[in-house]
Amino acid sequence: MPLSRTASLLSIYPHITSRDRLLLQLLDDHQVLTTGQIHRMLFAARRTCQLRLNELAALDLVERFRFPRDGGGSQPWHWTLGHNGHRFQAAAHERPEPTARSSNQTVQRLSANPHLTHLVLTNEFFVRLTEHARRHDEARLDRWWSEQITHKQFRTITADGHGLWTTDGITVGFFLETDTGTEALGRRVVAKLKKYGDLIHRGGARYPVLFWLGSEQREEHLHRLLPGQHTAVPVATAIHASDPATRVWLPRGSTSRVALAELPSDHGEALAENPNYDDGVFLL
């Protein structure tokens, strides 16, 4: 039976596993994940994933929504925090307890967000890295920051996401720019690369900027725009139909594709404003 939306969190604790805690944290950080994304990151069997999500929904820890597909059928279920999930995360991070009304508004605004497709696609990039790491012991995703956290930490950077990826003991950082094909590439690239160049000039991280594009045509067009644009900033491109951990990245000015771990990466100087360091020690 579903628990009351105002039930004590203590009555829910016996039902929350360590995997559930990880899922709640992911939804808190990244707002929304589809059933398939959650399955590929956290579960071995899809049916087990579906059953567990339904159990968490009955506890009001998670909420779901979906829309019809153009031409028939339905999109996958999109999962986000339910009211008790918001309450649990607020307690875990010493934030004020949300009201049922505020939790409901958060779900409604997310479901109606015109940038929802972009958000899900951005999360898909990191889901694929997580999935790759589950299959390869030498690889791991050490950092997955959302657009909001990235901007908070790097201040002038408004990337769609930021991560640290380690393979065979080599750690590379990156900034992600997810392209859905709805914006003109020229204006966006020039404006974005200037901010990354300014970060490098201040002694900040010199991470490759990854443009994840929807088609080979968009990728070819972008490479025609890149020559001469803020050349101090490493840039690489790949298309959505790829495993971003593998040799799919085409660096600026190159004709050969490389793996994510092979891209140039510099964590920047140990400055107070560089979030990669704490008292001069690199934070992994």
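Numbering starts at 1 and runs along the sequence shown.
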Could you measure the distance from the CD atom of Glu55 to the CG atom of Asp20? Nearest 0.5 Å is fine. 8.5 Å
Spacing of Asp29 atom CG and Gln148 atom CD [to the nearest 0.5 Å]: 10.0 Å
Kindly indicate, with the supporting measurements, whether the criterion side chain to side chain contact (heavy atoms under 4.5 Å, CB included) is fulfilled by Glu147 and Thr150. CA-CA 5 Å; Glu147 177 182 359; Thr150 301; 5.8 Å; no
Return yes when atom CZ of Arg95 has more than 12 non-hydrogen atoms of other residues, nucleotides or ligands closer than 6.0 Å, and no otherwise. yes
Between the side chain of Ser103 and the main-chain N/O of Ala100, is any donor-acceptor distance below 3.5 Å? no
Could you grab the distance from atom CG of Leu164 to atom CZ of Arg143, nearest 0.5 Å is fine? 4.0 Å
Does Arg128 reach the main-chain N or O of Pro244 with its side chain, forming a donor-acceptor pair under 3.5 Å? no
With the side chain counted from C-beta on, respond yes when Asn113 and Leu119 share a heavy-atom pair under 4.5 Å apart, and no when they do not. no
Take the angle between the ring planes of His78 and Phe65 and call it parallel below 30°, perpendicular above 60°, tilted in between. parallel
Donor-acceptor pair between Asn54 and Gln50 side chains, under 3.5 angstrom: no
Separation between CD of Glu219 and CG of Leu185, rounded to the nearest 0.5 Å: 11.0 Å
Which atom pair, heavy atoms only, marks the closest approach of His83 to Pro98? CE1-O, 3.3 Å
Candidate list Phe174, Phe175, Trp144, test ring pair (Phe, Tyr, Trp, His ring centres under 6.0 Å), partner Phe125, passing option: Phe174
Tell me yes or no: between the side chains of Thr237 and His223, is some donor less than 3.5 Å from an acceptor? yes
Do Arg101 and Asn104 meet the criterion of a side-chain donor-acceptor pair at a distance under 3.5 Å? no
Do Ser254 and Ser256 meet the criterion of a side-chain donor-acceptor pair at a distance under 3.5 Å? no
Between Met41 and Leu26, is the side chain to side chain contact (heavy atoms under 4.5 Å, CB included) condition met? List the steps. CA-CA 11 Å; Met41 283 195 297; Leu26 286 169; 3.9 Å; yes
State, to 0.1 Å, how close Arg140 and Ala133 come at their nearest heavy-atom pair, and which atoms those are. CA-CB, 3.8 Å
Between the side chains of Thr166 and Asp142, is a donor N or O closer than 3.5 angstrom to an acceptor N or O? yes
Face-on cation placement of Arg247 at Trp249 ring, 6.0 Å and 45° thresholds: no
Between Pro264 and Pro234, what is the shortest heavy-atom contact and its length? CG-CB, 4.0 Å
Tell me, with the steps shown, if Thr99 and Ser102 meet side chain to side chain donor-acceptor pair (under 3.5 Å). CA-CA 5 Å; Thr99 64; Ser102 67; 3.2 Å; yes
Quick check: closest heavy atoms across Ala91 and Leu9, and the distance to 0.1 Å? CB-CD1, 4.2 Å
Just wondering, more than 12 heavy atoms not from His136 lying within 6.0 Å of its NE2? yes
Here the gap from Glu220 atom CD to Leu250 atom CG, rounded to the nearest 0.5 Å, amounts to 10.0 Å
Indicate yes or no: at least one non-hydrogen side-chain atom of Glu216 is less than 4.5 angstrom from one of Ile239. yes
Step by step, work out the side chain to side chain donor-acceptor pair (under 3.5 Å) result for Thr156 and Arg202. CA-CA 11 Å; Thr156 60; Arg202 297 194 304 271; 3.1 Å; yes
Ignoring hydrogens and angles, tell me if any N or O in the side chain of Arg134 forms a donor-acceptor pair with the backbone of Arg40 under 3.5 Å. yes
Side-chain heavy-atom pair Asn276, Leu283 within 4.5 angstrom cut-off: no
Derivation of the side chain to side chain donor-acceptor pair (under 3.5 Å) call for Thr34 and Trp79: CA-CA 6 Å; Thr34 66; Trp79 296 88; over 6 Å; no
Side-chain donor or acceptor of Lys192 paired with backbone N/O of Val209 under 3.5 Å: no
Cationic tip of Arg19 above Phe43 ring, under 6.0 Å, 45° of axis: yes
In this structure, are over 12 heavy atoms from other groups packed under 6.0 Å from Arg155 atom CZ? no
Hey, what do you get for CZ (Arg21) to CD (Gln89), rounding to the nearest 0.5 Å? 9.0 Å
Between Arg218 and Glu177, is the closest basic N to carboxylate O distance under 4.0 Å? no
Tell me yes or no: between the side chains of Thr17 and Arg52, is some donor less than 3.5 Å from an acceptor? no
When clusters are formed by joining ILVMFWY residues with side-chain heavy atoms under 4.5 Å apart, either directly or through shared neighbours, do Leu263 and Leu129 land in the same one? yes
Would you say Pro68 and Gln75 make side-chain contact, with heavy atoms under 4.5 Å? no
Has Asn274 got a side-chain atom pairing as donor or acceptor with Glu269's backbone, closer than 3.5 angstrom? yes
Could you check whether His162 and Tyr207, counting side-chain N and O atoms only, form a donor-acceptor pair closer than 3.5 Å? no
Please tell me whether His230 and Tyr196 form a close aromatic pair, meaning their ring centres lie under 6.0 Å apart. no
With side chain to side chain contact (heavy atoms under 4.5 Å, CB included) as the criterion, how do Leu213 and His221 come out once you've worked through the C-alpha distance, each side chain's angles and the decisive distance to 0.1 Å? CA-CA 11 Å; Leu213 302 145; His221 177 53; over 6 Å; no
Strictly distance-based, threshold 3.5 Å: is any side-chain N or O of Gln229 a donor or acceptor partner for the main-chain N or O of Leu226? no
At their closest point, which heavy atom of Val248 faces which heavy atom of Ser242, and how far apart are they? CG1-CB, 3.8 Å
Report yes if some heavy atom in the side chain of Leu27 is under 4.5 Å from a heavy atom in the side chain of Val62; otherwise report no. yes
Show the numbers, then the answer: is there a side chain to side chain contact (heavy atoms under 4.5 Å, CB included) between Leu199 and Ile157? CA-CA 8 Å; Leu199 176 66; Ile157 298 302; 3.9 Å; yes
Strictly distance-based, threshold 3.5 Å: is any side-chain N or O of Asn123 a donor or acceptor partner for the main-chain N or O of Val32? yes
Would you indicate whether the side-chain heavy atoms of Phe126 and Ser146 approach each other to under 4.5 Å? no
Is the side chain of Ser265 donor-acceptor paired with the backbone N or O of Gly173 at a distance under 3.5 Å, no angle test? yes
Do the side-chain N and O atoms of His93 and Gln25 include a donor-acceptor pair separated by under 3.5 angstrom? yes
Can you tell whether the side chains of Asp243 and Arg135 come within less than 4.0 Å, N to carboxylate O? yes
Would you say the side chain of Thr80 lies within less than 4.5 Å of the side chain of Thr106, judging by non-hydrogen atoms? no
Common cluster, Leu33/Trp77, ILVMFWY with side-chain heavy-atom separation under 4.5 Å: yes
Do Thr171 and His267 have side chains that get closer than 4.5 Å, going by heavy atoms? yes
Might you point out which heavy atoms bring Phe154 and Ala205 nearest each other, and give the distance in Å? CE2-CB, 4.3 Å
Flag yes if Leu53 and Leu110 sit in one hydrophobic cluster, no otherwise; membership is Ile, Leu, Val, Met, Phe, Trp, Tyr, and two members link when side-chain heavy atoms are under 4.5 Å apart. no
